[in-house]
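A short worksheet on the structure shown next.
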Amino acid sequence: MTQPAPAEDSPGAGETDVKRTADRLRSFASSHGGSGTAVLSPMGRRGVRIVVVSADGPFADAVVPDLDVAAAVCERAGIPVGDWDRELSGRISVSTADRIRMAGTGR
């Protein structure tokens with residue numbers, strides 16, 4: 001799993017931010033089976049989390065200011081947007097490092 005991009009604190013993301021985030025997510029998907037599916041998850045005032053699940057299972061994410069920016073990032077990256085369904089959820093492979101981080105142990 002790649003590290004999430006820092007959240008944008010500004011009211012909107014510039015074209016450079018959209019391009020940089022799209023390039024990173026496209027590169028991730030390309031290096032993990034060539035494709036992926038994005039899920040957009042609103043997080044309130046914090047923004048929107050884009051989770052990209054690659055064709056071979058690993059996932060990456062980024063946080064952007066709003067749904068419009070998230071849609072622009074996915075469109076520019078050529079990554080289709082989907083929903084959490086059984087097929088997509090079943091495709092995810094979680095590494096040991098991810099499991100430790102999600103457990104909150106900090107080890």
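These numbers come from a predicted model, not from an experiment. The figures that follow rest on heavy atoms only: side chains count, while hydrogens, waters and symmetry mates do not.
Between I50 and C74, some side-chain heavy-atom pair lies under the 4.5 Å cut-off.
What you find for V52 and G36 is that their closest heavy atoms are CG1-CA, 4.4 Å. Shown here for R91 and A55, the closest heavy-atom pair between the two residues is CD-O, 3.4 Å. The shortest non-hydrogen separation linking D66 to V48 is C-CG2, 3.5 Å. For the pair A62 and L25, the tightest heavy-atom approach, listed with the atom from each and the gap, is CB-CD1, 4.4 Å. Of all non-hydrogen atoms in G57 and V53, the two that sit nearest each other are O-CG1, 4.1 Å.
Listed for the S30 side chain is no donor-acceptor partner under 3.5 Å among the backbone atoms of G34. S31 contributes a side-chain N or O that, together with a main-chain N or O of F28, makes up a donor-acceptor pair within less than 3.5 Å. R24 contributes no side-chain N or O that, together with a main-chain N or O of K19, makes up a donor-acceptor pair within less than 3.5 Å.
In this structure, the separation between OG on S35 and CZ on R26 is 14.0 Å, given to the nearest 0.5 Å. Between the NE2 atom in H32 and the CG atom in D56 there is a gap of 6.0 Å [rounded to 0.5 Å].
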Could you pull out every donor-acceptor pair under 3.5 Å between side chains of residues 75-85 and any protein atom, sequence neighbours left out?
from, atom 1, to, atom 2, distance (Å)
R76, NH1, E15, OE2, 2.2
D85, OD1, E87, N, 3.3
D85, OD1, L88, N, 2.8

Criterion side chain to side chain contact (heavy atoms under 4.5 Å, CB included) on V63 and M43, from CA distance to verdict | CA-CA 9 Å; V63 177; M43 302 180 344; 3.8 Å; yes

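Salt bridge absent: D23 and R20 never bring a charged side-chain N and a carboxylate O closer than 4.0 Å.
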